[in-house]
Amino acid sequence: MSDLMFADPRVLRAIELAWHEAKLLDDKNYEAWQELFTDEGLYIVPIDPETDDFAGTLNMIYDDKRMRALRVQRMIQGYSPAAVAAARTARIVSRFSVTSVDDHRVVLRGAQLLSAFKRNEFITIGADVEYIIALRSHGDRIERKVVRLLDSEDATRASGYLV
């Protein structure tokens with residue numbers, strides 16, 4: 001796709017939604033974050049950086065609506081290690097490219113850098129992110145978000161935030 005795609009208002013809407021999602025996550029507004037997804041939407045963090053068979057391979061996260069709601073509940077209730085002294089985060093989502101666009105859907109790829117501060121320690125996480133954005137007259141929604149962590153095959157520690 002050419003750089004002219006960024007002049008397409010449908011693409012700009014999709015990018016704005018990706019930025020809005022990042023802001024909600026940094027603000028720990030998890031209830032509003034989960035509302036950004038369609039009812040069938042998936043939030044996926046695969047282990048294998050090359051896989052496209054998310055249902056048939058092991059993932060760190062493979063959340064449908066029910067699992068996202070449970071994850072959010074754990075994040076906000078304060079009973080889990082992720083919720084106790086949750087990390088402060090700042091994320092940058094950029095380097096967008098457009099895979100496809102039509103009147104119903106935009107497929108975006110981008111890069112994310114997430115800086116987290118917890119227990120007097122900074123952590124930086126890099127990822128390639130794919131968004132499938134469903135364009136709707138009553139509010140665009142995330143149909144699928146795939147976060148391919150750069151270090152997905154290494155050991156990870158409990159994060160206390162969503163990527």
ask   = So, the side chain of D102 versus the backbone of H104: is there a donor-acceptor pair under 3.5 Å, distance only?
value = yes
query = Would you say the side chain of R13 lies within less than 4.5 Å of the side chain of L17, judging by non-hydrogen atoms?
reply = no
message = If the condition is side chain to side chain donor-acceptor pair (under 3.5 Å), which residues does R141 pass it with, not counting sequence neighbours?
response = none
task = Determine whether M60 and L150 fall in the same hydrophobic cluster, where Ile, Leu, Val, Met, Phe, Trp and Tyr are linked whenever their side-chain heavy atoms lie under 4.5 Å apart.
result = no
request  = Decide whether Y30 and L24 are clustered together by the hydrophobic rule: side chain heavy atoms of Ile, Leu, Val, Met, Phe, Trp, Tyr closer than 4.5 Å, transitively.
outcome  = yes
key: Linked, directly or transitively: F37 and V146 (ILVMFWY side chains, under 4.5 Å)   = no
request  = Begin from the C-alpha positions of L113 and R91 and carry the test side-chain contact (heavy atoms from CB on, under 4.5 Å) through to its verdict.
outcome  = CA-CA 6 Å; L113 287 176; R91 64 196 80 217; over 6 Å; no
task = Quick one: which residue pairs count as a side chain to side chain donor-acceptor pair (under 3.5 Å) with a foot in residues 47-59, not counting sequence neighbours?
result = D52-R148
query = Among pairs that include at least one residue of residues 38-72, which meet ring-ring contact (aromatic ring centres under 6.0 Å, His included), considering only residues two or more places apart or in two chains?
reply = W33-Y43
key: Pairing of D64 and R68 as salt bridge, 4.0 angstrom limit   = no
query = Does any non-hydrogen side-chain atom of I44 lie less than 4.5 Å from one of P46?
reply = yes
note = Residue pairs passing the side chain to side chain donor-acceptor pair (under 3.5 Å) test with at least one member in residues 124-137, sequence neighbours excluded, are R95-D128, R109-E130, E130-R144
query = Does K145 use its side chain to pair, donor to acceptor, with the backbone of G41 at less than 3.5 Å?
reply = no
query = Who else is in V107's hydrophobic cluster (ILVMFWY, side-chain heavy atoms under 4.5 Å, direct or via others)?
reply = I132
ask   = Among T99, L12, V98, L108, which residue meets the side chain to side chain contact (heavy atoms under 4.5 Å, CB included) test with M5?
value = V98
request  = Walk me through it: do I142 and E21 pass the test side-chain contact (heavy atoms from CB on, under 4.5 Å)?
outcome  = CA-CA 9 Å; I142 299 169; E21 184 216 17; 4.0 Å; yes
Any side-chain heavy-atom pair of L149 and I125 under 4.5 Å = yes
message = Taking the side chain as everything from C-beta on, heavy atoms only, tell me whether R105 gets closer than 4.5 Å to E143.
response = yes
ask   = So, for A87 and K118, which heavy atoms are closest and what is the spacing to 0.1 Å?
value = CB-CB, 3.8 Å
inquiry  = Using a 4.5 Å cut-off between side-chain heavy atoms of Ile, Leu, Val, Met, Phe, Trp and Tyr, which other residues end up in the same hydrophobic cluster as M67?
reply    = L70
inquiry  = Are the side chains of R71 and L162 in contact, using a 4.5 Å heavy-atom criterion?
reply    = yes
query = For the atom pair CG (D26) and CG (L114), what is the distance rounded to the nearest 0.5 Å?
reply = 6.5 Å
task = Kindly work out whether a path of hydrophobic side-chain contacts (I/L/V/M/F/W/Y, heavy atoms less than 4.5 Å apart) joins F6 to V101.
result = yes
inquiry  = Let me confirm one number: the CZ-CG distance from R88 to D27, rounded to the nearest 0.5 Å.
reply    = 12.5 Å
task = Report yes or no: do I133 and F96 belong to one cluster of Ile/Leu/Val/Met/Phe/Trp/Tyr joined by side chain heavy-atom distances under 4.5 Å?
result = yes
task = Report yes if some heavy atom in the side chain of D63 is under 4.5 Å from a heavy atom in the side chain of L42; otherwise report no.
result = no
